[in-house]
Protein chains: 2
Amino acid sequence: MKIDPNSAADFSAQIAKAIRDAIISGDLIVDDRLPSEQELAEQFDVSRPTIREALKRLAAQSLIRTQRGAFGGAFVRRLSYEEARKQHVTTSTLLLSMNEISFDTACQARFAMERSCVRLVAQNRIQAHLDAMAHELAVQQLPDLSDEAFCGSDVAFHRALVDGSGNPVLSYQMAGAIEAMQPLMNMITFTDRSRAEIVDMHTALFAAATDRDATRLEQELIRLEDYTLTLGRSVFEKRQSLRAARSVSNERTKSSPIISQNGGLS
Amino acid sequence: MKIDPNSAADFSAQIAKAIRDAIISGDLIVDDRLPSEQELAEQFDVSRPTIREALKRLAAQSLIRTQRGAFGGAFVRRLSYEEARKQHVTTSTLLLSMNEISFDTACQARFAMERSCVRLVAQNRIQAHLDAMAHELAVQQLPDLSDEAFCGSDVAFHRALVDGSGNPVLSYQMAGAIEAMQPLMNMITFTDRSRAEIVDMHTALFAAATDRDATRLEQELIRLEDYTLTLGRSVFEKRQSLRAARSVSNERTKSSPIISQNGGLS
DNA sequence: AGACATTTAAATGTCTGACAAATGAAAAGT
DNA sequence: ACTTTTCATTTGTCAGACATTTAAATGTCT
């Protein structure tokens, strides 16, 4: 077996790549059993811990599952929509939080993508999707709802909307836009936004979906985008003037106060 | 440190999750150094190999990088657009290949998403994007171009198009649709498609982008979607009749012949 | 004093060998 | 025929060791 001792990468990374390529290329298909760790160690001519590190890498990507005991081992795992969605949301969330991305850019991308669903939603939405949307609408009007719960319901509403496209691949792709970005936007705007106005727009979206009216769905999404953009900008302006006011006395308040940065993990 | 010996999950999985959560929550920020493996082993009260397996899981998700030597260690890594895009494409490719997804569904999702870029492309494309598209157009007309190279150029053309949106977040999200699905579609349709017709449609897309004409961009993408859908259906019909003809003599040819399925890795 | 070479400590990368725990198959017993 | 026991296989975990890399600290020479 070909692993390059002179390569920059670790053995475990090289081995993981070799197995991953075998899965992607189809040499290993769903539910195929990989050789045992001992056998792999012999095939690749490395020790068992090294093989184990490689397998853990693959497990982290949900490419394999392992089973203990006789006739156990590592098996190629079928990547489910739910797994894929989770990974996509995690990756998107991290990308957004680790890179300085303007509110406008994120907002633009999110709504451009959601709008791409309107035709299919108008065509394919069934009663179950409308019911899910109606349920979230009801939740959003509860008087004592916490901000977190409102945000969660907001995400669920939009998820139900895009699920109405009846296209699971599209829904999966949308997760990165909606489930990763919406919470970030909410975190920025929740202080200033008006729940009533949002519920109003959600109600309009619901009505348009009920009527299978793609054009109105698109219009309402544009309205929601405009509202969100305006809100975001006003929040940033407010922060800007606040910062300017106290910049003389207090210098570094630049990064989000959410980050506690204790260094340790305890 | 809290790791649950009774949990169903491995220690390494639990530890990886604990650290991942610390990164996502912001307790650990970009370029923070994690404690050394030895220290982590003591904090979590497990052995060093177990810690290493946890760290490899995080490395597989590009969440950390490691550096050898004194003052080395594991550092929180900034997830770049390129990394995120690669992961997204890999996940999407696997999702598509491991689940039985109809050609129509994939096609629908892919073009719905690409169409969501047209407004921004018309608004924000700069000369560099047009140049990249023109270059790929030239490549696609080379007489001796291999099928693989044509497919590659096809993907590059569409990538240049969506990059024209000037929104890196949108480009990243599109990667899952275009870079993961286009190759699959090509694999199905490359036998029957007409390069001339595709080049023709690409040329029209290029012209519309040059003219900043969003409506025409959308129209041309719909035309390309229709062409691809028709092509895909005719290919499947052909296969269907072929299969019916030989179904008496030969039973199981259901899965793609691309899969060699040797079981081993050597 | 400053520039260069050497040493050293800290950290990851890897290996060996061992034991524990789970698990399904086969053997034994009823 | 059914149940129980045994057993081999395989992953999960640990301990200890050595190799390699790296940068800071130290030493040495000009």
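When reading the values below, keep in mind they use all heavy atoms of this one structure, side chains included, and skip hydrogens, waters and symmetry mates. Numbered from 1 within each chain, the chains take letters A, B, ... in sequence-line order.
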Can a side chain N or O of [X] be found less than 4.0 Å away from OP1 or OP2 on [N]?
X     : N      : answer
A/R52 : D/dT11 : no
A/T66 : D/dG12 : yes
B/T50 : D/dC14 : yes

Look at the side chain of [X] and decide which nucleotide, out of [options], has an atom nearest to it.
X     : options                : answer
A/S47 : C/dT12, C/dG24, C/dT14 : C/dT14
B/R68 : D/dG12, C/dC15, C/dT12 : C/dT12
B/R33 : D/dC14, C/dT14, C/dA11 : C/dA11

Worksheet entry | Closest non-hydrogen atom pair, A/S116 against A/M174 | OG-CE, 3.6 Å

Discussion item. Ignoring hydrogens, what is the shortest heavy-atom contact between B/H129 and B/D163? Give both atom names and the distance.
Written reply: NE2-O, 3.3 Å

Response to the item:
Checking A/R33, A/Q38, A/E39 against A/P35 for side-chain contact (heavy atoms from CB on, under 4.5 Å), the one that qualifies is A/E39

Discussion item. Checking B/S165 against B/N124 for the side-chain hydrogen bond (donor to acceptor under 3.5 Å, both in side chains) test, could you report, in this order, the C-alpha distance in whole Å, the side-chain angles of both residues, the deciding distance, and whether it holds?
Written reply: CA-CA 6 Å; B/S165 71; B/N124 300 327; over 6 Å; no

Worksheet item: 5'-most contact on DNA chain C: B/F71 or A/Q67, nearest heavy atom basis?
Response: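 First, find each residue's nearest nucleotide; the 5'-ward one identifies B/F71.
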
Nearest whole angstrom, please: distance from the [atom2] of [N] to the [atom1] of [X].
X     : N      : atom1 : atom2 : value
B/E53 : D/dG12 : CD    : C1'   : 8 Å
A/I51 : C/dT14 : CD1   : P     : 11 Å
A/Q14 : C/dG13 : CD    : C1'   : 13 Å
A/F11 : D/dA19 : CZ    : P     : 15 Å
B/L55 : C/dA11 : CG    : P     : 14 Å
B/E37 : D/dC18 : CD    : C1'   : 15 Å
B/R65 : D/dT21 : CZ    : P     : 19 Å
A/F75 : C/dG24 : CZ    : C1'   : 11 Å

Practice prompt. Map A/A70 and A/R48 onto DNA chain D by nearest heavy atom, then report which one ends up closer to the 5' terminus.
Written response: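 Taking each residue's closest nucleotide, the earlier one in sequence belongs to A/A70.
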
Worksheet item: Judged by modelled atom types alone, do B/S62 and B/R77 share a side-chain donor-acceptor pair under 3.5 Å?
Response: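 On atom types as modelled, these side chains do not qualify, holding no pair under 3.5 Å.
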
Fill in: Between B/E83 and B/H88, a side-chain donor and acceptor under 3.5 Å
no

Discussion item. One thing to verify: whether B/R52 and A/D10 come together as a salt bridge, which I'm taking to mean a side-chain N less than 4.0 angstrom from a carboxylate O.
Written reply: no

Worksheet entry | Global bending angle along the helix from C/dA1-D/dT30 to C/dT30-D/dA1, which compares the axes of five pairs at either end, to 10 degrees |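 Axis angle across the helix from C/dA1-D/dT30 to C/dT30-D/dA1, nearest 10°: 10°.
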
